[in-house]
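Step one of this worksheet: look at the structure below.
All figures in this text were calculated on a predicted structure; none of them were measured in a lab. Heavy-atom basis, side chains included; hydrogens, waters and symmetry copies ignored.
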Amino acid sequence: MAPIESTEESRKAVYIPDNTRDETTKEKFARKVKENPFVPIGCFATAGALVYGLLSFKRGNQKVQQQMMRARVLAQGSTLIAVIGGLGYTMLKDHANKK
């Protein structure tokens, strides 16, 4: 099988925004948090409900454990909605900037 040659056309096919080049991991994380702050909040809420629910389970407090597992599911759903909403917003913003 012959190697694929890199042409000017193939390089133009992959779009890389200027603001993401030469960006460290910390800078990228900070930028992503600024773009959509609800995702990390939802992740921490999910993890917090899970940990507290597991501690309640270990202690034998079934009522609190059930409430925390329900809170975890709610936090996961909210995080998923935040991710989808952020992606939609970014797509609309990029589409508006191209025009």
Rounded to the nearest 0.5 Å, what separation is found between the [atom1] atom of [X] and the [atom2] atom of [Y]?
X     : Y     : atom1 : atom2 : value
Leu55 : Met68 : CG    : CE    : 11.0 Å
Thr79 : Ile84 : OG1   : CD1   : 11.0 Å
Gln62 : Phe57 : CD    : CZ    : 8.0 Å
Ser56 : Lys63 : OG    : NZ    : 12.0 Å
Gln66 : Asn61 : CD    : CG    : 11.0 Å
Lys34 : Phe29 : NZ    : CZ    : 12.0 Å

Open item on the list: Quick check on the hydrophobic clustering: are Leu87 and Val39 connected, directly or via other members, by side-chain heavy-atom contacts under 4.5 Å?
Closed with: yes
Open item on the list: Minimum heavy-atom separation for Leu50 and Met69, please, with both atom names.
Closed with: O-CE, 3.9 Å
Open item on the list: Restricting to non-hydrogen atoms, name the atom on Asn36 and the atom on Ala82 that form the minimum distance, rounded to 0.1 Å.
Closed with: ND2-O, 2.9 Å
Open item on the list: Between the side chains of Arg31 and Glu35, is the shortest nitrogen-to-carboxylate-oxygen separation below 4.0 Å, so that they form an ion pair?
Closed with: yes
TODO: Decide yes or no for Lys28 and Thr25: does some side-chain heavy atom of the first lie under 4.5 Å from some side-chain heavy atom of the second?
DONE: no
